[in-house]
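Remarks on the structure that follows.
So that the names make sense, note that chain A is the first sequence line, chain B the second, and so on, each numbered from 1. The figures that follow rest on heavy atoms only: side chains count, while hydrogens, waters and symmetry mates do not. As the structure is a computational prediction, the values presented were derived from the model and not from experiment.
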Amino acid sequence: MRRLAQGFYARPVVEVARELIGCVIEHDHVSGVIVETEAYHDSEPASHAFIGLTLRTATLFGPPGRLYVYRSYGIHALMNAVTEAEGVGAAVLIRALEPVDGIEIMRRRRGLERVEDLCSGPGKLSQALGVGLSYNGVDLASGPVAIGPRPRAWRQVQILAGPRIGITKAVTLPWRFWVANSRFVSR
DNA sequence: CATGGGATTGACT
DNA sequence: GTCAATCCCATGC
């Protein structure tokens, strides 16, 4: 699969979050189309990067086009694509996929049958793809996880925007994007 | 060194 | 609708 170049990520995070909708994410022959994203930026308190550069946030402040993976609620691995210039802490959380390849592998990893339940949440899709904490910092342009451009059929889909989910600060920013009428978005 | 919170999920009432 | 699981990391003593 042809991959998005680093320049794609080296732009304002909200723009990248919107444009990642419809793109394909792939790991080890398992793949899906991104149908839901959220943007996070160090200027607003919902972002992990808001506290500044620490051991945890180092990947966020690093070069764009890398993967930021962290553990949520002690249980789940959540995946983000790092954006903007090095030194700015900004990333796009991948929140849901429409499964494409390796659906049987996803079912085995998730222990579930329904296709709509495999990747319809940020913790679910990491498990379905087989991506864990050890992937923090890998380069999306050359590493084991790849993101490619929108297939032709996905170039015209309607994208909606609204408030982000599951946060307690900056709750009104409309920085969540999703495909209208998709059965594969979270919730 | 101890503590507290969290960008979630699945099970249960 | 409610709620617990579970662990990494930042912070404070």
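Here Ile75(A) lies in heavy-atom contact (under 4.0 Å) with a base. Residue contacts shown for Leu93(A) include a base, since a base heavy atom lies under 4.0 Å away. No contact: Arg164(A) has no heavy atom under 4.0 Å from any strand. As judged by a 4.0 angstrom heavy-atom cut-off over every strand, Arg110(A) is placed among residues touching the sugar-phosphate backbone only.
dC12(B) is paired with dG1(C) under the Watson-Crick or G-U wobble criterion, all donor-acceptor distances under 3.5 Å.
Closest to the side chain of Leu112(A), out of dA10(C), dG10(B), dA5(C), is dG10(B). The Ile167(A) side chain lies nearest to dA7(B) when the options are dA10(C), dA7(B), dT9(B). Between dA7(B), dG6(B), dA10(C), one nucleotide has an atom nearer to the side chain of Arg56(A) than all others, and that is dA10(C). In this structure, of dT9(B), dC7(C), dT6(C), it is dC7(C) that holds the atom nearest to the side chain of Arg71(A).
Using modelled atom types and a 3.5 Å distance limit, the side chains of Ser47(A) and Asp42(A) yield no donor-acceptor pair.
Each of Gly74(A) and Ile51(A) has a nearest nucleotide on DNA chain C; the 5'-most of these lies closest to Gly74(A). Nucleotides of DNA chain B nearest to Gln127(A) and Ala49(A) differ in position, and the one nearer the 5' end is that of Ala49(A).
A cation-pi arrangement is found for Arg164(A) relative to Tyr40(A), the charged atom lying closer than 6.0 Å to the ring centre and inside a 45° cone about the ring normal.
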